[in-house]
Amino acid sequence: MPVSSVLASPAAQIVQTYLNNPRLSNIKNLVFIIFIYKLLSFLNTTFVTHGPTRTYKELKVYLSALAFKYAKMLPSVKEKLNRELGKAAKDIEDKVAPQDDNFPRYTILPERGFTEEEMTKELERYSELPHTRWEEGRVSGAVYHHNKILSDLGALAYRKFSSANPLHPEVFPGTRKMEAEVCAMVLQLFHASPKAGAVMTSGGTESILMSCKTHRDWGKEVKGITKPEIVAPVTIHAAFDKAASYFGMKLIHVPIDPVTMQADLNAVKKAINKNTVLIAGSAVNYPHGVMDDIVALGKLAKKHNVGLHVDCCLGSFMVAFAEKAGYKLPPFDFRVPGVTAISCDTHKYGFAPKGSSIIMYHTKELRRYQYFSMATWPGGIYASPSIAGSRPGALIAGCWATLMHVGQEGYVKEAKHIISAQIKVRKAIETIPSLYVYGEPKTSVVAFNSRKYNIYDVSDQLSKRGWHLSALQNPPGVHWTSTIPTADAADEFISDLQEVMSDFEAGKITETGSTAGMYGMAATVPSSVVAEVACAFVDALYKP
C-alpha cells in the first residue's frame, strides 16, 4: 500500500485529530519543558559543577568504552578476544589452582566423617602445599609477624571463643566487652576526643565501605545530597571504588603530584562540588608508602563542610607509634581539624589474627549513620553496627589478646625495627644509579622504579631468588613492605637486589619475564579486557 494511502486512511485521520487536540498540546508542551529543564540541569552539573576538563575526560572514557563494546560484537573480534581470554584464563588456572593427581580432591561430603587423627593428617597436608617462603621474610606485606607466642595466643582465643557471636551480647558478654575495649584503645592511639566512637570490622575494606556509607547517609540527611560523590587521589585504596560501586556513589579520582606522590591539592579543590560528601587521603598509601597532606585536606573539608576519611589501614600501629619510636610524622589523626573518620587495620601492624580492623568517627553521632536497624521485622527488632550480622567473636578475642600481650612498649620496639629497616632498604636502593624511589616513604613501604631497565623484569629476577614483591602501575614500579619477617631479612634482600642490578648492568639478563608481559599487555588493551582477566583469576580461586 502506498504511503499516501496510509496517511489518507480513516484511522490516520483519527490519530491526527487526536494529536491536534488542545489538551494534548498542553501535555506535549509540558513534556517539552521538562525535557529542556533536565537538559539544562545536566549541562549545569556537567559544565558548571564538574568543569569542562572533567567533562571532556569522562566523555572520552565513555566513548572509548562504548566503541570497544560495539567492536566486540563483530564476529571476528569476538572470536579472537574469546580465544585470547580463554588462553589467559587457562594460564591463570594452571598457576593458581594446579592439579595434582596424587593430592585428593574433596568435592562432596564424605559418607563417614574423618576421625580426629585423619583430620590432623589432612590439615598438615594442606598446610604443606608449596608456597612462597613468607616465614623467611620473602613476601612483601601479607604476613606482619612470625611470633609463635602471638600465633598460640590467637589459637587459644579461638578455642575459648569459637562459638561466640557479638550479635548476641547477652549470651556472650565477654566478647562484647573485649570489642568495646579494643575500640577504646585504638581511639586513644589516634588521639580521639571523648565524643568519638568506633566499630570493629572484618578488615580494611569493610572499614572503608562503612565510612563511605556513613558519609553518604549523613550527606543525604544533613545536606540533602542525593547524588553523593567522593573525592580522592588515584592512589587511594581500591576499597573506595568498591564502596562507590556498592552504595551508588561517584568516586572522583584526582591526580597525584609526580614528585611527592601526594594528592594534588589544586585538583582536590577543583573536584569538590555541591554533591561532595567525603574527601579521602592516605596515611600511608599502599602503592608508595607516602602520606597525603592531611592538614591541607582537613582545611578543605572544614571549608566545604564535608567529611574527611584518613585511611590508616596500612599505616596501622606504625603511624600510631612512629613518634614514640623516634620518627617524626606530619599530623594525620584526630588532632587535625576536619578529620571525621579514620580506618586502622589491627590485623596488619597491630599483629592481630586476620579479620580485624577499626573504623573510627570523630563523634558518636556520626557513627550512628553507619548502623542498620529495622523495627518492624517479624523476627524481632533488628540492629547491627556494620555489614555483617553474625560475627566471629573468636577473632575479636584474638585481637584483644594480641593488643594486651604486645602492649605499648612492644609496639614501640617493633615500630623502631620495622621503620628502620624500611629506611635501610630505601637508602640502599638510592645508591643504585639505575633505580629511584617514589616520593618520601614514611613508615613501612618503599616503592621504586628503574631509569634504565623494565622494573617488572627486575621484579621477576628477584622472584627467581625467592622474593615476592608487589607490582605497581600508573606509573610502573614495585614495592617492598617492611614487616617483622621482612625487616629481619632486609640485609639479604639488599644483597640480592644489588646482585640482580649488577647482572643487568653486565648484560647477563636479557629475557622479559611474565610480570613484564602481563603489565605490558595491561597498558595497551582496554581496561574492560584487563577486568575480564582479573575475573578469570578470581574464578580460578574457586576451582577445587
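Heavy atoms only: backbone and side chains are in, while hydrogens, waters and symmetry mates are out. Computed from a prediction, not measured in an experiment: that's the story for all the values here.
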Query - CA sep, side-chain torsions, deciding dist, call: T340, F334, side-chain contact (heavy atoms from CB on, under 4.5 Å) - result: CA-CA 8 Å; T340 57; F334 284 117; over 6 Å; no
Requested in this report: Go through K543 and Q99 one step at a time and tell me if the side-chain contact (heavy atoms from CB on, under 4.5 Å) criterion holds.
Outcome: CA-CA 10 Å; K543 182 171 183 178; Q99 300 300 299; 3.7 Å; yes
**Report entry** Check against side chain to side chain donor-acceptor pair (under 3.5 Å), E221 and Y369
**Finding:** CA-CA 10 Å; E221 182 170 312; Y369 289 99; 3.2 Å; yes
Query raised in the report: Checking salt bridge (charged side-chain N to carboxylate O under 4.0 Å, His left out) for the pair E492/R138: CA distance, chi angles, key distance, verdict?
Result: CA-CA 10 Å; E492 190 179 353; R138 290 177 170 267; 2.4 Å; yes
Requested in this report: Check the pair F537, E93 against side-chain contact (heavy atoms from CB on, under 4.5 Å), reporting the backbone distance first and the verdict last.
Outcome: CA-CA 7 Å; F537 168 78; E93 194 174 275; over 6 Å; no
Query - Stepwise ring pair (Phe, Tyr, Trp, His ring centres under 6.0 Å) test for Y286 and H479 - result: CA-CA 9 Å; Y286 174 83; H479 81 208; 4.7 Å; yes
Report task. Mind running side chain to side chain donor-acceptor pair (under 3.5 Å) on D345 and S316 for me, showing each step along the way? Result -> CA-CA 5 Å; D345 281 3; S316 186; over 6 Å; no
Query raised in the report: Does the side-chain contact (heavy atoms from CB on, under 4.5 Å) test come out yes or no for Y438 and F448, once each step is laid out?
Result: CA-CA 6 Å; Y438 281 121; F448 57 100; 5.7 Å; no
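A distance of 5.0 Å separates CG in N275 from CD in E229, rounded to the nearest 0.5 Å. Here CG of L297 is found 14.5 Å from NZ of K302. Values are rounded to the nearest 0.5 Å. Within the model, atoms CZ of F240 and OG of S211 stand 6.0 Å from one another, a figure rounded to the nearest 0.5 Å. One finds the NZ atom of K274 at 8.5 Å from the NZ atom of K227 (value rounded to the nearest 0.5 Å). For the atom pair OH (Y411) and OG1 (T402), the distance works out to 6.0 Å, reported to the nearest 0.5 Å. To the nearest 0.5 Å, atoms OH (Y371) and OG (S384) are separated by 10.5 Å.
For Y327, the OH atom is densely surrounded, since the number of other residues' heavy atoms within 6.0 Å is greater than 12. Around CE of M404, the count of heavy atoms belonging to other residues, nucleotides or ligands within 6.0 Å does not exceed 12. More than 12 heavy atoms of other residues, nucleotides or ligands shown are found within 6.0 angstrom of NZ on K354. Within a 6.0 Å sphere centred on CG of L156, heavy atoms belonging to other residues, nucleotides or ligands number more than 12. The neighbour count for E117 CD, taken as heavy atoms of other residues, nucleotides or ligands under 6.0 Å away, does not exceed 12. Within 6.0 Å of CD on E170 lie more than 12 heavy atoms contributed by other residues, nucleotides or ligands. For CG of L541, the number of neighbouring non-hydrogen atoms (other residues, nucleotides, ligands) closer than 6.0 Å is greater than 12. Heavy atoms from other residues, nucleotides or ligands lying under 6.0 Å from CG of L129 number more than 12.
At distances below 3.5 Å, not a single donor-acceptor pair connects side-chain atoms of Q422 with backbone N or O atoms of V446. Side-chain N or O atoms of D264 include none that pairs as donor or acceptor with a backbone N or O of P255 at under 3.5 Å. Remark: the backbone N or O of P194 is paired with a side-chain donor or acceptor of K364 at under 3.5 angstrom. No side-chain donor-acceptor contact under 3.5 Å links S444 to the backbone of T481. With hydrogens and angles ignored, the 3.5 Å screen pairs no side-chain donor or acceptor of H215 with any backbone N or O of V277. With N165 contributing its side chain and S390 its backbone, the two residues share no donor-acceptor pair below 3.5 Å. Judged by distance alone, the side chain of D257 and the main-chain N or O of M261 form no donor-acceptor pair under 3.5 Å. Judged by distance alone, the side chain of S245 and the main-chain N or O of D241 form no donor-acceptor pair under 3.5 Å. Remark: the backbone N or O of Q262 is paired with a side-chain donor or acceptor of T260 at under 3.5 angstrom. Judged purely by atom type and a 3.5 angstrom limit, H304 has no side-chain atom pairing as donor or acceptor with the backbone of V306.
Classification of E440 and K442 as a salt-bridged pair holds, one side-chain N sitting under 4.0 Å from a carboxylate O. We find that E179 and R391 are joined by a salt bridge, their nearest charged nitrogen and carboxylate oxygen being less than 4.0 Å apart. Taking a cutoff of 4.0 Å between a charged side-chain nitrogen and a carboxylate oxygen, E122 and R125 qualify as a salt bridge.
Annotation: side chain of K242 is in contact with side chain of T205 (closest heavy-atom distance under 4.5 Å). By the 4.5 Å heavy-atom criterion applied to side chains, H417 and K413 are not counted as neighbours. At least one side-chain heavy atom of F372 sits less than 4.5 Å from a side-chain heavy atom of Y382. Looking at heavy atoms from C-beta onward, Q370 lies in side-chain contact with I359 at the 4.5 angstrom threshold. For the pair P233/T235, a side-chain contact is recorded, criterion being any heavy-atom separation below 4.5 Å from C-beta on. A heavy-atom distance below 4.5 Å is not found between the side chains of V310 and M291. By the 4.5 Å heavy-atom criterion applied to side chains, I294 and P331 are not counted as neighbours. Side-chain contact between Y126 and F103 is present, with heavy atoms from C-beta onward closer than 4.5 Å.
What you find for T175 and G393 is that their closest heavy atoms are CG2-CA, 3.6 Å. Residues A198 and M360 share a closest heavy-atom pair of CB-CG, 3.9 Å. Taking both residues in full, the closest heavy atoms of S482 and I418 are given as OG-O, 2.7 Å, listed atom of the first, atom of the second, then distance. Pairing each heavy atom of C212 with each of L278, the nearest pair is SG-CD2, 4.1 Å. Closest of all the heavy-atom pairs between F114 and P110 is CE1-CB, 4.1 Å. The shortest heavy-atom contact between G355 and L395 is O-CD1, 3.9 Å.
A donor and an acceptor atom, one from each side chain of H191 and D333, are located under 3.5 Å apart. Side chains of S357 and S207: a donor-acceptor N/O pair is present below 3.5 angstrom, by distance only. If you check the side chains of H237 and S282, you find no donor sitting under 3.5 Å from an acceptor.
Under the side chain to side chain contact (heavy atoms under 4.5 Å, CB included) rule, I396 has a single partner from E181, M200, R176, which is M200.
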